[in-house]
Visitor: 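First the structure, which I've put down as structure tokens, then a few questions once you've had a look.
For this chain, numbers begin at 1 and follow the sequence in order.
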Amino acid sequence: MKTTKLVFVTKLKLFISALILILVITSCKSIPRETIILSRRLLDRGTLTAEQLADFFLYNAQTRTREELITFAQLYIDEAAAENINSDIAFAQMCHETGFLKFGGLVQPEWHNYCGLGAISADQPGCIFETEQLGVRAHIQHIQAYATTEDVQLNNELVDPRYSWVHKTKFAVTLGDFAKSWATDPEYACKLEKMFERMESFINQ
């Protein structure tokens, strides 16, 4: 009698455990994951981590190792934070401008010029920076020049040679404003927005 009762209790416990597991799994499936909407404002803080930015990059191209890309992406996050710039926008623009670091145009990889800064023609192929960090810093500072007025000072030492010119002639609040005046290509704003949407789609998949 005791054996029968013990078997019954054991089976009941197993049944309850299985039922709880099913309820937990069903409950998890029924809760939709919150969609991440990346900010299009230049002066907003970026959302994505260095790991997420690196994974987005690798999803599109394998020109660097994941470890190298995490370090590179962290430069964008740190330099952008120093100047209160949206690192997501800056990183997306870098991906567009360099073809995910494949380059292939006027700018050469060893120049550490990640936004086509000063690249106009064969006679003016672009600015050259000694290190990755300085190249990223110049990119961030160039965006900061668009996003602020002349009374807003940089926190890091100025390395962007075209910084003052932008402050006198351009101003932008959002990704769309910024992209419309960055390049002469009439489709540039659309191209940059599409790159940003690709980033957004990747992080939400």
Visitor: Could you state the interatomic distance from CD (E132) to OG1 (T71), rounded to the nearest 0.5 Å?
Guide: 8.5 Å
Visitor: First locate atom CD1 of I203, then atom OG1 of T49, and finally report the distance between them rounded to the nearest 0.5 Å.
Guide: 7.0 Å
Visitor: Counting neighbours of CD on E157 that are heavy atoms of other residues, nucleotides or ligands and sit closer than 6.0 Å, is the number greater than 12?
Guide: no
Visitor: Going from CZ on F103 to CD on E97, what distance comes out if it is rounded to the nearest 0.5 angstrom?
Guide: 10.0 Å
Visitor: For Y59, is the OH atom crowded, meaning more than 12 foreign heavy atoms sit under 6.0 Å from it?
Guide: no
Visitor: Hey, is the main chain of A82 close enough, under 3.5 Å, to the side chain of N156 for a donor-acceptor pair?
Guide: no
Visitor: In this structure, which one of Q93, E79, H112, Q144 forms a side-chain hydrogen bond (donor to acceptor under 3.5 Å, both in side chains) with H139?
Guide: Q93
Visitor: Minimum heavy-atom separation for L69 and A54, please, with both atom names.
Guide: CB-CB, 3.8 Å
Visitor: Taking everything shown except E130 itself, do over 12 heavy atoms lie less than 6.0 Å from its CD?
Guide: no
Visitor: According to a hydrophobic-cluster definition based on side-chain heavy atoms being under 4.5 Å apart (Ile, Leu, Val, Met, Phe, Trp, Tyr only), do I36 and F56 belong together?
Guide: yes
Visitor: With no hydrogens and no angle check, is any side-chain donor or acceptor of N204 less than 3.5 Å from a backbone partner on T35?
Guide: no
Visitor: Quick check: closest heavy atoms across C115 and W182, and the distance to 0.1 Å?
Guide: O-CZ2, 3.5 Å
Visitor: Please say yes or no: joined through hydrophobic side-chain contacts below 4.5 Å, possibly via intermediate residues, are L58 and I70 part of one cluster?
Guide: no
Visitor: Using the rule given for side chain to side chain contact (heavy atoms under 4.5 Å, CB included), can you reason through F129 versus L117, listing the C-alpha separation, both sets of side-chain angles and the distance that settles it, and then say yes or no?
Guide: CA-CA 10 Å; F129 303 97; L117 196 59; 3.7 Å; yes
Visitor: Report the distance from atom CD of E83 to atom CG of L42, rounding to the nearest 0.5 Å.
Guide: 13.5 Å
Visitor: Looking at A90 and I140, what are the two nearest heavy atoms and their distance?
Guide: CB-CD1, 3.6 Å
Visitor: Measuring from M199:CE to L48:CG, what's the distance to the nearest 0.5 Å?
Guide: 6.0 Å
Visitor: Can a salt bridge be assigned to the pair R40 and E200 using a cut-off of 4.0 Å between side-chain N and carboxylate O?
Guide: yes
Visitor: Per the ring-ring contact (aromatic ring centres under 6.0 Å, His included) rule, which among Y76, F72, F100 passes with F57?
Guide: F100
Visitor: Which heavy atom of A80 sits nearest a heavy atom of S87, and at what distance?
Guide: CB-CB, 3.7 Å
Visitor: Nearest heavy-atom pair of S181 and K170: which atoms, and what distance?
Guide: O-NZ, 3.5 Å
Visitor: Please answer: with hydrophobic residues joined when any side-chain heavy atoms are less than 4.5 Å apart, are F178 and W165 in the same cluster?
Guide: yes
Visitor: Give a yes or no on this: more than 12 heavy atoms of other residues, nucleotides or ligands lie within 6.0 Å of atom CZ of R41.
Guide: no
Visitor: Say you draw a straight line from CG of D88 to CG of L175; how long is it, rounded to the nearest 0.5 Å?
Guide: 11.0 Å
Visitor: Looking only at the side chains, is there a donor atom on one of H96 and Y188 sitting less than 3.5 Å from an acceptor on the other?
Guide: no
Visitor: Just wondering, are more than 12 heavy atoms of other shown residues or ligands nearer than 6.0 Å to NZ in K180?
Guide: no
Visitor: Indicate the atoms forming the closest heavy-atom contact of L192 with A179, along with that distance.
Guide: CD2-CB, 3.9 Å
Visitor: Hydrophobic clusters join Ile, Leu, Val, Met, Phe, Trp and Tyr when side-chain heavy atoms are under 4.5 Å apart, directly or via other members; which others share one with Y163?
Guide: L154, L158
Visitor: Does the side chain to side chain contact (heavy atoms under 4.5 Å, CB included) test come out yes or no for N86 and S39, once each step is laid out?
Guide: CA-CA 8 Å; N86 189 328; S39 172; 3.9 Å; yes
Visitor: Could you tell me whether the side chain of I77 reaches within less than 4.5 Å of the side chain of L53, counting heavy atoms only?
Guide: yes
Visitor: Please determine if R66 and D55 form a salt bridge, counting it only when a charged side-chain N lies under 4.0 Å from a carboxylate O.
Guide: yes
Visitor: What's the verdict on side chain to side chain contact (heavy atoms under 4.5 Å, CB included) for Y114 and L101, showing C-alpha distance, side-chain angles and the deciding distance?
Guide: CA-CA 8 Å; Y114 304 114; L101 296 177; 3.9 Å; yes
